[in-house]
2 protein chains.
Amino acid sequence: MMPGKQPRTRIQKKNTETILEAALEVFSQHGFRGSTLDQIAKAAGLSKPNLLYYFPSKVAIHRALIDELMQNWLDPLRKIEADGEPVEELLAYVLRKLEMAREFPRESRLFANEIVQGAPNIMDKIEGELKSLVDEKARVIEGWIASGALAPVNPYHLIFSIWSTTQHYADFDAQVRAILQPEGDAHFEDAAAYLDTLFRRMLTP
Amino acid sequence: MMPGKQPRTRIQKKNTETILEAALEVFSQHGFRGSTLDQIAKAAGLSKPNLLYYFPSKVAIHRALIDELMQNWLDPLRKIEADGEPVEELLAYVLRKLEMAREFPRESRLFANEIVQGAPNIMDKIEGELKSLVDEKARVIEGWIASGALAPVNPYHLIFSIWSTTQHYADFDAQVRAILQPEGDAHFEDAAAYLDTLFRRMLTP
DNA sequence: GTCTATAAGGTGATAGAC
DNA sequence: GTCTATCACCTTATAGAC
């Protein structure tokens with residue numbers, strides 16, 4: 001009777017997922033304001049009122065998507081282990097982020113759309129969860145530097161540069177492809193090699 | 001009688017500029033679809049019909065803004081001199097781009113909004129002007145590498161990484177400030193130092 | 001659970017007075 | 001050149017039949 005929170009039947013679960021998949025496609029391409037329920041309904045193969053049977057409002061669909069995204073978005077950063085080999089831990093993080101940009105470009109653009117516009121819906125999560133995690137990992141990095149296993153570097157700007165260089169291949173995909181012209185996804189291999197070199201030279205003591 | 005192309009009087013020129021300034025503020029924050037003429041009119045201190053006296057339509061305002069932006073956007077890249085000292089030329093380019101992110105964050109976000117959404121209005125300029133310029137500078141960089149003055153590096157991905165790391169401080173400003181908390185613009189100094197080190201280590205043979 | 005019909009409000013653009 | 005008034009359309013959301 002009132003789905004949206006916890007779908008009961010198989011059909012409800014399936015439709016909820018179909019809607020979120022369609023909404024991801026639309027929101028990531030046009031932003032929140034630029035997307036309409038008509039577009040999402042059409043992409044989901046449902047009628048507009050039926051859409052609103054599963055979610056109470058447009059903003060509820062967007063919120064569900066953002067919540068789901070924030071769950072997974074920080075995983076690669078969480079995986080950095082304080083007792084690993086510093087340079088390799090960070091290079092593995094770079095590769096994981098690049099892999100996410102290739103596998104989940106729509107999620108990356110959904111996030112980018114949100115931040116570029118001032119993060120109106122996720123500022124609490126950024127100031128809370130995200131900042132805490134970054135602070136924690138920054139201390140790990142500082143520890144590595146103190147031990148001499150890592151070249152001295154501002155940990156926050158290091159993390160920013162890892163985010164920006166990797167997410168660039170998802171968020172600015174249209175520009176990247178226009179400049180590299182014919183190649184399909186082949187440039188991801190080159191990007192991986194380039195970023196490995198870039199950060200290896202930066203981080204090796 | 002028909003401004004928008006070439007304003008004749010001083011008042012027309014001033015109003016046109018006021019409108020573009022207001023439109024930059026609004027479009028860069030909300031994207032094209034998310035912005036309304038009401039918002040722009042209010043920000044410009046004009047009535048909506050008066051706005052449409054100076055520009056024939058909403059899209060015309062946006063186009064004027066984008067055209068103006070593309071004029072200046074490529075300047076820092078153009079300034080790279082083939083007969084300069086390679087590493088210093090490129091590091092100066094990094095600094096110029098970072099300076100632009102600090103001075104013109106709204107322009108950067110206007111551009112980012114456009115690209116993230118697939119560059120619907122500027123794909124021709126990206127495939128034309130921008131690509132040509134990047135190809136040209138890529139050849140310059142390859143020449144430097146061949147001469148041994150620069151470490152071997154993929155010139156295209158080098159340029160992408162310079163764009164992404166510098167523009168990040170404008171486009172993802174909300175996130176950067178949330179994570180670095182109290183500091184105002186102070187982090188730009190740290191960013192400049194960090195990026196100088198990052199690219200110096202990458203590029204020095 | 002899903003549809004048609006429609007309400008209610010916003011939005012781009014125009015007409016016409018001043 | 002600038003305003004008030006207004007049109008035509010689009011968009012979110014709801015009501016009610018089936």
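The figures that follow rest on heavy atoms only: side chains count, while hydrogens, waters and symmetry mates do not. We name chains A, B, ... by the order of the sequence lines, and we start the count at 1 in each one.
Taking a cutoff of 4.0 Å between a charged side-chain nitrogen and a carboxylate oxygen, A:Asp38 and A:Lys42 do not qualify as a salt bridge. B:Glu21 has a carboxylate O that lies under 4.0 Å from a charged side-chain N of B:Arg106, or vice versa, which qualifies the two as a salt bridge.
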Under-3.5 Å N/O pairs linking protein and nucleotides 16-18 of chain D:
none

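Remark: A:Arg33 is not in phosphate contact with D:dC10, judged by side-chain N or O atoms under 4.0 Å from OP1 or OP2. Side-chain N/O atoms of A:Ser57 include none lying less than 4.0 angstrom from OP1 or OP2 on D:dT14. Taking side-chain N and O atoms only, B:Asn15 has a distance below 4.0 Å to OP1 or OP2 of D:dT2. Using a 4.0 Å cut-off, some side-chain N or O of A:Tyr54 falls inside it from OP1 or OP2 of C:dT2. One finds no side-chain N or O of A:Ser35 lying less than 4.0 angstrom from the OP1 or OP2 phosphate oxygen of D:dT11. The phosphate of D:dG1 (OP1 or OP2) has no side-chain N or O of B:Arg10 nearer than 4.0 angstrom.
Separation of the A:Phe160 and B:His187 ring centroids does not fall under the 6.0 Å cut-off.
Relative to the side chain of B:Ile11, the nucleotides C:dA13, D:dT2, D:dT11 differ in distance, and D:dT2 lies closest.
With sequence neighbours excluded, the residues forming a ring-ring contact (aromatic ring centres under 6.0 Å, His included) with A:Phe111 are A:Trp73, listed by chain and number. Applying the salt bridge (charged side-chain N to carboxylate O under 4.0 Å, His left out) rule to B:Lys131 yields the partners B:Asp135; only residues at least two apart in sequence or on another chain are considered.
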Go through B:Glu88 and B:Arg200 one step at a time and tell me if the salt bridge (Lys or Arg N to Asp or Glu O under 4.0 Å) criterion holds. CA-CA 9 Å; B:Glu88 297 308 323; B:Arg200 190 177 295 277; 3.1 Å; yes
Given salt bridge (Lys or Arg N to Asp or Glu O under 4.0 Å), test A:Lys137 with A:Glu81 step by step and report yes or no. CA-CA 9 Å; A:Lys137 296 305 181 183; A:Glu81 304 271 0; over 6 Å; no
Given ring-ring contact (aromatic ring centres under 6.0 Å, His included), test A:His157 with B:Phe188 step by step and report yes or no. CA-CA 10 Å; A:His157 292 279; B:Phe188 273 100; 9.0 Å; no
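Here A:Leu52 lies in heavy-atom contact (under 4.0 Å) with a base.
Contacts between residues 40-51 of chain B and DNA chain D, counted as heavy-atom distances below 4.0 Å, involve B:Ser47, B:Pro49, B:Asn50. Within residues 19-28 of chain A, no residue places a heavy atom under 4.0 Å from DNA chain C.
Shortest non-hydrogen contact noted between B:Ala44 and B:Thr18 is O-CG2, 3.6 Å.
Other residues, nucleotides and ligands place no more than 12 heavy atoms under 6.0 Å from the CZ atom of A:Phe104.
A donor atom on one side chain and an acceptor atom on the other are not found under 3.5 Å apart for A:Asn154 and B:Tyr194.
Counting to the nearest Å, the C1' atom of D:dG1 and the CZ atom of B:Phe55 are 15 Å from each other. The CG-P distance, from B:Leu37 to D:dC9, rounds to 18 Å in whole Å. Between the CG atom of B:Asp38 and the P atom of D:dT4 there is a distance of 13 Å, given to the nearest Å. Atom NZ of B:Lys58 is separated from atom C1' of D:dC10 by 12 Å (rounded to the nearest Å).
Among residue pairs with one or both ends in residues 58-71 of chain A, those qualifying as side chain to side chain donor-acceptor pair (under 3.5 Å) are A:Asp67-A:Lys125; sequence neighbours excluded.
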